[in-house]
Amino acid sequence: MEAVGRNDPCWCGSGQKYKRCHISRAKQEPVKYPQARSQLDNVFRSRKECLHPHAGRGTCGGKIIRAHTVQRSGGLSRIASDGHVLTTVKTPKDGFSSDMEFELHEVGYREASTFTGFCAKHDGIFAPVENKPFVASREQGFLLGYRSVCMELFKKQTGLGAVEIVRNADRGRSPHDQFALQFFADGMQEGLSAAIGDLKTDKSEYDRILVSGDYVGSNSVVIRLDQTPDVMCSGLMSPEYDLSGNILQVMDGLSMRARSLAFSLTGVDVGGAAVFQWVGDNPPAKALAMGFAGMPRKSLPDALYRFSFEFIENVFVSPVWWRDLPLDSRKSYMRRAGSGVNPMIERRRDCLGDDGVRGARFGVADVVCHY
């Protein structure tokens, strides 16, 4: 920074002259974390877009709604206590750092797991999983996966728009901390851009199947549960290792396409269901999903909880169930929730191994595979 002249381009890459950007940044009023958190929340609340493939062609109807990623009726409503569920939220330990930890906080189940990614008309495409008996069909598995893909793309695109708020959070900080935060923001922007590219490729494949109405290209492993799970989630992950710790795909560069696997754990009309879903030829996703399908049924329930907390951020739990868990079990689940969040900590190959925690209170009724 000392080598940058007043009229030189600022070192941060903003395109402004140094004298108009960072020259006096350390003397400015510091940004408080609650203020930045509020700004970030506003970015996510204000973005509204219908992600249906025909959106923008005059086919949308009604306003953009808060679409649920984990179904409310028969799902979140069953595990709610006084109208609320608990959800995992990541928070930086010192206000503005990549060193993140997870905690649980209460949210109304009607507002939980929502994103403004569909208009009222096109949200109706999910009626076969929201309003009809769950029969573990290809169509139902596909729709659960499609919803996860759309949610993840929406979140990543919105997050890219929030990078500038992170950059501005270096006001009032030392030059060293300014550089560290800008470096973190650069990595955040680069990672989000790469992820958005992969997700757009994924979504184009899903859009083609949705429009055609032919679900043969949709693959799934559906584990039907005899009771409603106390943990529900929906999201997308990129399998790196199988259940034995063998490498499924190498995740060592932003230029490589990450192959994804969608996962949902929810209540259905009778009991619950865990659904692993992917489209087309996707060896990493198939290998991991089939690994779960081949597990001894008595081991599956707790393995599904380990997977949910380890890899899915969009997780909701029963307050009553959480309260009754032993403290060590709660700590174990929270460690899993924080795993992989800090980019400086590499996830272990054996992360899905049995850790002895027994939190699941359901059994496996059936396993249905479509591939």
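Positions are given from 1, in the same order as the sequence printed here.
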Worked verdict on R336 versus D355 for salt bridge (charged side-chain N to carboxylate O under 4.0 Å, His left out) = CA-CA 11 Å; R336 290 188 177 278; D355 57 3; 3.2 Å; yes
Let me see the working for Y206 and F142 under ring-ring contact (aromatic ring centres under 6.0 Å, His included), right down to the final yes or no.
-> CA-CA 8 Å; Y206 278 86; F142 169 83; 5.5 Å; yes
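- With salt bridges taken as basic N to acidic carboxylate O contacts below 4.0 Å, none links E205 and K203.
- Interatomic distance, I65 CD1 to D123 CG, rounded to the nearest 0.5 Å: 3.5 Å.
- The line from CZ of F126 to OG1 of T69 is 10.0 Å long, rounded to the nearest 0.5 Å.
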I would like to know whether F311 and F263 meet ring-ring contact (aromatic ring centres under 6.0 Å, His included); could you show each step before the answer?
-> CA-CA 10 Å; F311 288 103; F263 178 71; 9.8 Å; no
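- Between the side chains of S234 and N314, not a single donor N or O lies within less than 3.5 Å of an accepting N or O.
- Using a 4.5 Å cut-off on side-chain heavy atoms (C-beta onward), Q157 and K200 make contact.
- For D324, there are no salt bridge (Lys or Arg N to Asp or Glu O under 4.0 Å) partners at least two apart in sequence or on another chain.
- In the displayed structure, R20 atom CZ is contacted under 6.0 Å by at most 12 heavy atoms of other residues, nucleotides or ligands.
- Residue pairs satisfying the ring-ring contact (aromatic ring centres under 6.0 Å, His included) criterion with at least one member in residues 36-78, sequence neighbours excluded, are listed as follows: H52-H54, H52-H122.
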Could you check D302 against K298 for salt bridge (charged side-chain N to carboxylate O under 4.0 Å, His left out), going step by step and ending with a plain yes or no?
-> CA-CA 9 Å; D302 285 301; K298 65 179 182 179; over 6 Å; no
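- Taking CG from L143 and OG from S148, the interatomic distance works out to 11.0 Å, rounded to the nearest 0.5 Å.
- Using cut-offs of 30° and 60° on the angle between ring planes, the pair Y146 and F118 is tilted.
- Of the possible donor and acceptor atoms, none in the side chain of R224 sits under 3.5 Å from a partner among the backbone N and O of A273.
- Atom CE of residue M232 and atom OG of residue S264 lie 11.5 Å apart, to the nearest 0.5 angstrom.
- You'll find the side chain of S238 reaches within 4.5 Å of the side chain of Q249, heavy atoms only.
- Note: E240 CD to C351 SG = 8.0 Å, rounded to the nearest 0.5 Å.
- The backbone N or O of L325 lies less than 3.5 Å from no partner atom in the side chain of S329, so there is not a single donor-acceptor pair.
- Between S260 and A285, the shortest heavy-atom distance links the atoms O-CB, 3.8 Å.
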Determine, stepwise, if the pair R25 / D177 fulfils salt bridge (charged side-chain N to carboxylate O under 4.0 Å, His left out).
-> CA-CA 11 Å; R25 188 64 63 102; D177 287 348; over 6 Å; no
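- Under the 4.5 Å side-chain heavy-atom criterion for Ile, Leu, Val, Met, Phe, Trp and Tyr, V70 and Y109 are members of the same hydrophobic cluster.
- The minimum heavy-atom distance linking A287 with L248 is given by the pair CB-CD2, 3.6 Å.
- N219 contributes a side-chain N or O that, together with a main-chain N or O of G280, makes up a donor-acceptor pair within less than 3.5 Å.
- Here the closest heavy-atom approach between residue L265 and residue S308 is recorded as CD2-OG, 3.6 Å.
- Counting heavy atoms from C-beta outward, R110 and L76 have side chains that stay 4.5 Å or more apart.
- Going from atom CD of E49 over to atom OG1 of T158 covers 8.0 Å, rounded to the nearest 0.5 Å.
- A 4.5 Å side-chain heavy-atom check between P296 and L300 finds every atom pair outside the cut-off.
- Residues E313 and T88 approach most closely at O-OG1, 3.1 Å, considering heavy atoms.
- In this structure a side-chain-to-backbone donor-acceptor pair under 3.5 Å is missing from S14 to C10.
- No continuous path of hydrophobic side-chain contacts links M151 to I64 [ILVMFWY only; heavy atoms under 4.5 Å].
- Nearest heavy-atom pair, L288 versus P239, reported as atom, atom and distance to 0.1 Å: CD2-CB, 3.9 Å.
- Of the charged side-chain nitrogens involved, none lies within less than 4.0 Å of a carboxylate oxygen, so that K132 and D269 do not count as a salt-bridged pair.
- For residues 209-218, the side-chain hydrogen bond (donor to acceptor under 3.5 Å, both in side chains) pairs, not counting sequence neighbours, are S218-Q277.
- Grouping the Ile, Leu, Val, Met, Phe, Trp and Tyr side chains by contacts below 4.5 angstrom, directly or via other members, places F362 with V221.
- With sequence neighbours left out, the salt bridge (Lys or Arg N to Asp or Glu O under 4.0 Å) criterion links E164 to no other residue.
- One N or O on the side chain of H370 and one on the backbone of A136 form a donor-acceptor pair closer than 3.5 Å.
- With contacts defined as side-chain heavy-atom distances shorter than 4.5 Å, the pair V364/P301 qualifies.
- If you run side chain to side chain contact (heavy atoms under 4.5 Å, CB included) between T116 and each of K48, K63, R45, only K48 comes through.
- Between P284 and L261, every side-chain heavy-atom pair lies at or beyond the 4.5 Å cut-off.
- With contacts defined as side-chain heavy-atom distances shorter than 4.5 Å, the pair D170/H22 qualifies.
- Judged by distance alone, the side chains of Q178 and R171 never bring a donor and an acceptor atom under 3.5 Å apart.
- Note on L199 and M188: same hydrophobic cluster, where clusters join Ile, Leu, Val, Met, Phe, Trp and Tyr whose side-chain heavy atoms are under 4.5 Å apart, directly or indirectly.
- Judged by distance alone, the side chain of K286 and the main-chain N or O of D281 form no donor-acceptor pair under 3.5 Å.
- Taking all atoms of both residues into account, the shortest heavy-atom contact from H84 to E106 is CB-CG, 3.4 Å.
- Judged by a 6.0 Å distance limit and a 45° cone about the ring axis, R47 is positioned over the six-membered ring of F154.
- Side chain of T87 to backbone of V315: a donor-acceptor contact under 3.5 angstrom is found.
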Trace of the side-chain contact (heavy atoms from CB on, under 4.5 Å) decision for Y241 with N246 = CA-CA 5 Å; Y241 309 109; N246 300 308; over 6 Å; no
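- In terms of the side chain to side chain contact (heavy atoms under 4.5 Å, CB included) criterion, residue partners of D230 (sequence neighbours excluded) are, by chain and number, Y305, S318, W321, R361.
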Where do E152 and D202 land on the side-chain contact (heavy atoms from CB on, under 4.5 Å) test, with the steps shown first?
-> CA-CA 11 Å; E152 199 65 31; D202 289 341; over 6 Å; no
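- In this structure, K19 places its NZ atom where more than 12 heavy-atom neighbours from other residues, nucleotides or ligands lie under 6.0 Å away.
- Annotation: side chain to side chain contact (heavy atoms under 4.5 Å, CB included) contacts of D8 (sequence neighbours excluded): V4.
- Side chains of Q182 and R167 form a contact here, defined as non-hydrogen atoms less than 4.5 Å apart.
- Both V163 and F184 belong to a common hydrophobic cluster when Ile, Leu, Val, Met, Phe, Trp and Tyr are linked at side-chain heavy-atom distances under 4.5 angstrom.
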